[in-house]
2 protein chains.
Amino acid sequence: MSSSATPRERLLEAAGDLFYRDGVHIGVDALCKAAGVSKKSMYQLFRSKDELIAESLASRGPSFQATLQPGPDDRSPRERILEVFERQDNLVADGNYLGCPYVATSVELKDPEHPGSVVARHFKQQLTDFFHRELVKAGAEDPGMLAIQLTIAFDGASVRAVVRAQSLGGIGVLTAGALLDAAGVRAGELAGHLN
Amino acid sequence: MSSSATPRERLLEAAGDLFYRDGVHIGVDALCKAAGVSKKSMYQLFRSKDELIAESLASRGPSFQATLQPGPDDRSPRERILEVFERQDNLVADGNYLGCPYVATSVELKDPEHPGSVVARHFKQQLTDFFHRELVKAGAEDPGMLAIQLTIAFDGASVRAVVRAQSLGGIGVLTAGALLDAAGVRAGELAGHLN
DNA sequence: TTAACAGTAAACCGATCGGTTTCTTTCTTC
DNA sequence: GAAGAAAGAAACCGATCGGTTTACTGTTAA
């Protein structure tokens with residue numbers, strides 16, 4: 001039950017929800033009310049609203065990662081990469097999708113030195129790193145470059161879902177597939193199978 | 001000189017600048033002060049701040065289009081498409097790039113029915129339409145799909161520039177090129193030259 | 001000359017902003 | 001049961017929010 005969680009946990013959860021749903025400009029009063037925590041407690045637990053923004057983003061990192069990235073299995077790197085885009089497609093299709101929380105926060109904050117922007121940059125890099133690991137396994141020629149291209153496809157698809165306010169209908173998966181095709185990363189292929 | 005422009009023009013210009021630089025949550029007082037227009041005049045010229053957001057976005061549409069899309073020339077569709085990504089690369093490299101104004105506004109507003117979001121959706125479609133026209137000229141197999149993929153690459157590259165707060169270094173051009181490669185749209189090729 | 005108009009400056013409205021403070025309740029731990 | 005810490009409720013701070021109103025200043029046109 002949520003009221004049994006500590007004030008800190010309740011604040012982080014409410015902040016994650018409300019900053020995502022309404023944007024980081026939502027007021028501290030509304031946030032504390034939603035969390036069932038007094039402002040006094042909030043300002044004892046966090047130095048400022050800005051710090052709460054950053055910490056709430058950071059606390060959701062592992063959960064977002066688990067949502068998007070498949071755990072270890074024996075599928076090919078290409079399949080595991082495309083799985084990320086399929087999961088994104090499902091997230092969008094489920095409704096209430098308002099874009100990648102890290103991107104949204106970065107865009108709203110404007111300042112790249114804001115603690116929230118720093119956290120966002122860090123977690124965005126983790127998705128690129130996942131792509132990179134898989135591409136190395138696949139023996140891709142330029143895994144660094146291709147991992148960035150896939151991240152671009154991911155964020156571009158996310159933006160499309162937000163701007164058009166509709167489902168992606170597999171266009172993200174297709175775009176990622178096209179990028180993998182262009183780089184010669186084929187299905188079922190592992191580095192050891194080459195040559 | 002800007003003070004010789006009409007109050008309406010001054011408001012639209014200041015709104016375009018400040019909503020982009022600081023976000024749409026900037027106050028009406030600061031905006032009117034920057035425009036050198038009284039709040040009374042503003043509320044006579046625009047029904048609400050929300051309408052001003054939408055109108056300022058719309059008034060900048062043609063200028064943004066001219067900045068990104070090449071005019072008629074005799075280069076190949078592929079070259080003209082890649083030109084868009086080169087111009088985006090230059091925009092980012094010039095500094096003070098805070099992402100596509102339409103995407104930023106959509107993300108900040110959250111509500112897809114907000115008049116600003118409607119305008120943003122409309123102008124984003126115009127970029128996709130440009131890609132589509134060029135791809136038809138090039139005789140691409142599925143110009144509608146590919147035009148969307150290119151728009152995804154464009155917005156993904158834009159997001160990357162914002163989140164990482166650094167130049168793109170040609171990654172957008174390369175990503176678009178890879179998508180065109182995967183679809184078989186080659187340099188110097190026009191529909192009439194096929195077969 | 002004067003009446004109408006367009007525009008600015010600034011006060012004003014209730015509400016909310018981020019943040020602090022005071023007071024009270026609740027819970028733990030002897 | 002008493003002492004002490006933790007945390008909630010709510011008042012409070014100056015500033016700002018979107019929006020309205022009043023009062024004054026130019027310009028224009030009859």
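Chain letters run A, B, ... following the sequence lines, proteins first and then strands; every chain starts at 1.
- Atom pair A/Lys33:NZ and C/dA15:C1' shows a separation of 14 Å (rounding to whole Å applied).
- The CD-P distance, from B/Gln44 to D/dT22, rounds to 13 Å in whole Å.
- The two residues B/Ser106 and B/Ser117 come nearest to each other via the heavy atoms OG-CA, 4.2 Å.
- Proximity of A/Ser38 to the phosphate of D/dA9: no side-chain N or O atom is located under 4.0 Å from OP1 or OP2.
- Tested against A/Val84, the residues A/Asp89, A/Leu150, A/Leu127 include a single side-chain contact (heavy atoms from CB on, under 4.5 Å) partner, A/Leu127.
- A straight line from NE2 of A/His25 to C1' of D/dG18 spans 15 Å, rounded to a whole angstrom.
- Rounded to whole Å, atom P of C/dG18 lies 12 Å from atom CG of A/Leu18.
- For B/Tyr97, the ring-ring contact (aromatic ring centres under 6.0 Å, His included) test picks out no residue, with sequence neighbours left out.
- If you measure from atom NE2 of A/His114 to atom P of C/dG18, you get 11 Å, rounded to the nearest angstrom.
- To the nearest angstrom, C1' of C/dC5 lies 14 Å from CG of B/Leu45.
- Relative orientation of the A/Phe85 and A/Phe154 rings is perpendicular, given thresholds of 30° and 60° on the angle between their planes.
- Here the shortest heavy-atom pairing between B/Ala176 and B/Leu82 reads CB-CD2, 3.8 Å.
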Exercise answer: donor-acceptor pairs, residues 65-72 of chain B side-chain atoms, under 3.5 Å, sequence neighbours excluded:
residue : atom : partner  : partner atom : Å
B/Gln65 : NE2  : B/Gln126 : OE1          : 3.3
B/Thr67 : OG1  : B/Ser63  : O            : 2.8

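- At a threshold of 4.0 angstrom between heavy atoms, the contacts of A/Leu31 with the nucleic acid are absent.
- Rounded to 10 degrees, the angle separating the terminal axes of the helix from C/dT1-D/dA30 to C/dC30-D/dG1 is 10°, with each axis obtained from five end pairs.
- Taking atom CD1 on B/Ile26 and atom C1' on C/dC17, their separation rounds to 15 Å, with Å as the unit.
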* **Chi angles and distances behind the salt bridge (Lys or Arg N to Asp or Glu O under 4.0 Å) call for B/Asp74, B/Arg80** => CA-CA 9 Å; B/Asp74 52 5; B/Arg80 288 166 54 77; over 6 Å; no
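- Taking the salt bridge (Lys or Arg N to Asp or Glu O under 4.0 Å) definition, one finds that A/Arg121 meets it with nothing, sequence neighbours left out.
- Other members of the hydrophobic cluster containing A/Leu45, listed by chain and number, are A/Leu11, A/Leu12, A/Leu18, A/Phe19, A/Val24, A/Ile26, A/Val28, A/Leu31, A/Val37, A/Met42, A/Tyr43, A/Phe46, A/Leu52, A/Ile53, A/Leu109; membership follows side-chain contacts under 4.5 Å among ILVMFWY residues, whether direct or relayed.
- Taking only side-chain nitrogens and oxygens, B/Arg10 never comes nearer than 4.0 Å to OP1 or OP2 of C/dG7.
- The interatomic distance linking A/Leu11 (CG) with C/dG18 (C1') rounds to 15 Å, in whole Å.
- Counting non-hydrogen atoms under 4.0 angstrom, A/Leu52 reaches nothing in the nucleic acid.
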Could I get a table of every N or O pair under 3.5 Å where one atom is in the protein and the other is in nucleotides 19-22 of chain C?
residue : atom : partner : partner atom : Å
C/dG19  : OP2  : A/Tyr43 : OH           : 2.7
C/dG19  : OP2  : A/Lys49 : N            : 3.0
C/dG19  : O5'  : A/Tyr43 : OH           : 3.4
C/dG19  : N7   : A/Lys39 : NZ           : 2.5
C/dG19  : O6   : A/Lys39 : NZ           : 2.2

